[in-house]
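What you are looking at is a predicted structure, and each value in this text was computed from that prediction instead of being measured.
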Amino acid sequence: MPDTKVLKLVPKTQAEAAKHAEPVEQKPAEQAAAAARPAPQPAPARMDQSAPKPARAPQPTGRPKLSPEEMLKIYRTMYLSRRLDDKEIQLKNQNKIFFQISGAGHEAVLVAAGLVLKPGYDWFYPYYRDRALCLQLGMTPLEQLLSAVGAEKDPNSHGRQMPSHWGHKKLNIVSQSSPTGTQLLQAVGCAEAGYRFQLIKELRKRTSNFQKDEVVYVSLGDGTSSEGEFWEALNTACNLKLPVLFLLEDNGYAISVPVEVQTAGGDVSRLVENFPHLYLQRCDGTDAIESLQTMQRAVEYCRQRKGPAFVHAKVIRPYSHSLSDDERLYRPDEERTADAERDPVKRFGALLIDERIADQTGLQKIKDEIDAAVNEAADAALASPQPAPETAKLYVYSPTVDPTSKDFDTEGNAQLTGNAGTMVDLINRCLHTEMARDPRVILFGEDVADCSREESLDKVKGKGGVFKVTANLQRKFGSARVFNSPLAEANIVGRAIGMATRGLKPVVEIQFFDYIWPAMHQIRNELALMRWRSGGDWTAPVVMRVPVGGYLRGGAVYHSQSGVSTFTQIPGLRVVYPSNALDANGLLRTAIRCDDPVLFLEHKHLYRQAYNKSQYPGDDFMIPFGKAKTVREGTDLSIITYGALVQRSVVAAKQAEQQGISVEIIDLRSLAPYDWDAITATVKKNSKVIVAHEDSLSFGYGAEIAARISSELFEYLDAPVARVAALDTFVGYAPQLEEAILPQANDVAKAIAELHAY
């Protein structure tokens, strides 16, 4: 087997578990009960069955030894963060910026986090309240205000996202979006990339952005803990003992919904305390010193590779959720007044005076200096130009690697050799050759491995996917590169995004198209948008292999879906749909070697059809995206199609030929982009056209093609554009019902006859 031993999975002894606990708010009896519980063992990939060694938790420390200068710096950052919030509020009220959401009340714990973590070394997935963290890491007031005004020079998004959607390439702050919780799985994937860099021998000396003791920071609000992806992230981080620091910034409200409505028992950390290898800590997040102590312990635990840490920080929200919200509508005055008494900026200022580190005059001098600097930065930001309108489409796709170009076209030089193989065979062989060519390629999903329990590999035949497409890949490349995931589609795609931002090339499998929907948030709002929303600073070239379609008897409603138009209308996502073994091999190789996210659809009915077999075309065979193929020449009318309808159209065309009708068939092969030049040529040639696809008729993929032909090629048409598609319903289980719902060769033949007679 390859040298891919998994990092040791280390359990906690009972005594050491007690050291871990130390929750500030737990009662002694609760601490003892927590310590007495044995820690369950995780099973990430079970590649190493050696006895785990006990872990030692970081020892509690006293108050951090901070010099007066360091204490003053903490105050400066906290006050600066608050004043930037206030300045943005002022600018919003003056209609000089367009949105504002504050980090007020969270400053103490965030400055503490920034003090113990390393910018450009560790990795950061903050959420929108994390202004103070970003300042502590090195982001400047000007950079934050450039974001507020939507300036092109804004390093967070170059004017493409709302303010407080943090991102900074040099500081390793990965682009953050608006959906709450999507960052959590990406952070886990980011940490997992480092984990796998250690396991994959060929990569150990090939990366420049991996540190052996790096930590991945990810933060969330108490409301976000209700998202399912929060629990999926914790599950995988604990199962693989990844160095992820989860910071829960609990200000008691998700906009207007209080925490006791969000969370059973009103305390998230009580719900997660039994996760194995999770170092749980609670702290007063408005107390900078207590927060710093807590963060030091949590970060040290992660650096020692003992597992993830979870810090539950109680903070306040002295301002409304955003300027689009008015908290006075749902929070009584006495509650808001109580929060104001815990204001972290005021508390730390009072501490400096109590300890005679500064007096009121000294603090006022600091405030005046910061106020002046903020005003100066605001003036500079307001004078900075916004992005030029012509840049709107820049970075939708890679500006340097074009999978539609001739660089990806070796189709004409293919040398076919060996026995003919099915689509399954040639996809599997492409995966083998690409994984051998590039050690960055990793493959995971549900059931894709031969056998997760590696010690059993020699005793079993192996799974290799429910359709056997990934058979023997784990045996060849090891369990560090081919492995099973939890049964959770968002987990698969979210982790893949995090890995891809670190330089790995994930090829993931969603077991059935019908179950891709839990991952839709990650696909639509994260994967497809990563490059564009960061102005090209961050990329995530993930390949998603997805079995799709019907025509398999017994598939019924939930194993026969074909809603490709949902994905083809997403900018930034390439969508590919081969109809035969040869095209599947060439298009998959292009998908893996390109630099964009790709949805690679594999029709289940076509996996083992004899009519679409092919000999092997060679290890560098590629078909560019957006290049259609003329399957059949004809002179009377044209069919534009893809997937399973290609062969059905061929059958119908042969039937029509017996009636003297000559039909041309164009297989699009890739749906986004599609080959408009080929469509134009066939329409001009024959003047009558049918668009045929397995998708439903209404709002289906063919509607866009038909509309564009009618709009741009109307003068060449001798008849309306015809469409053949599935009924606007669902695929039934009974064979007779399925046959009536999905388009058949006879439906295509009928459309040919009607259009020819028009």
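Every residue meeting the side chain to side chain contact (heavy atoms under 4.5 Å, CB included) condition with K153, not counting sequence neighbours, appears here in chain and number order: L146, S384. Partners of P673 under the side chain to side chain contact (heavy atoms under 4.5 Å, CB included) rule, at least two apart in sequence or in another chain, are T404, R574, F625. The side-chain hydrogen bond (donor to acceptor under 3.5 Å, both in side chains) test applied to D325 returns Y330, not counting sequence neighbours. For S177, the side chain to side chain contact (heavy atoms under 4.5 Å, CB included) test picks out Q161, P179, T182, E526, R533, with sequence neighbours left out. In this structure T77 satisfies the side chain to side chain contact (heavy atoms under 4.5 Å, CB included) test together with V111, L135, Q136, sequence neighbours excluded.
A donor-acceptor contact under 3.5 angstrom links the side chains of D667 and S579, judged on distance only. A donor and an acceptor atom, one from each side chain of Q144 and D154, are nowhere located under 3.5 Å apart. Checked by atom type, the side-chain pair S485/E446 shows no donor-acceptor distance below 3.5 Å. Judged by distance alone, the side chains of T433 and R589 do bring a donor and an acceptor atom under 3.5 Å apart. Side chains of R82 and Y319: a donor-acceptor N/O pair is absent below 3.5 angstrom, by distance only. Side-chain atoms of Q522 and E229 form a donor-acceptor pair, as typed in the model, at a separation below 3.5 Å. In this structure, a donor-acceptor pair under 3.5 Å is present between the side chains of D130 and S219.
Taking 4.0 Å as the cut-off between side-chain N and carboxylate O, R317 and D222 do not count as a salt-bridged pair. Salt-bridge formation is detected for the pair E192/R196: a Lys NZ or Arg NE/NH1/NH2 atom is positioned less than 4.0 Å from an Asp or Glu carboxylate oxygen. With salt bridges taken as basic N to acidic carboxylate O contacts below 4.0 Å, one links D596 and R531. Ion pairing between a basic and an acidic side chain is recognised when a charged N comes within 4.0 Å of a carboxylate O; E202 and R440 show no such pairing.
Within the 4.5 Å cutoff, side-chain heavy atoms of K96 are placed close to those of L382. Side-chain contact check for L668 versus I679: some heavy-atom pair is nearer than 4.5 Å. At a threshold of 4.5 Å between non-hydrogen side-chain atoms, the residues V564 and Y642 count as touching. At least one side-chain heavy atom of L247 sits under 4.5 Å from a side-chain heavy atom of L110. Taking 4.5 Å as the limit, some side-chain heavy atom of N209 sits within range of a side-chain heavy atom of W123.
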**Request:** Output, in order, the C-alpha distance, side-chain angles, deciding distance and verdict of side-chain contact (heavy atoms from CB on, under 4.5 Å) for V493 and V542.
**Result:** CA-CA 8 Å; V493 177; V542 174; 5.7 Å; no
Subject >> Evaluation steps, side-chain hydrogen bond (donor to acceptor under 3.5 Å, both in side chains), between S81 and E107 >> reply: CA-CA 7 Å; S81 180; E107 295 95 345; 4.6 Å; no
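L91 CG to D86 CG: the interatomic distance, rounded to the nearest 0.5 Å, is 11.0 Å. Here the OG atom belonging to S534 is positioned 12.0 Å from the CD atom belonging to Q176, to the nearest 0.5 angstrom.
Pairs passing the ring pair (Phe, Tyr, Trp, His ring centres under 6.0 Å) check and including a residue from residues 135-189, sequence neighbours excluded, do not occur.
Checked against the 6.0 Å centroid threshold, W517 and F567 count as a close aromatic pair.
Note on ring orientation: taking the six-membered ring where Trp is involved, the planes of Y217 and F124 are tilted (angle from 30° to 60°).
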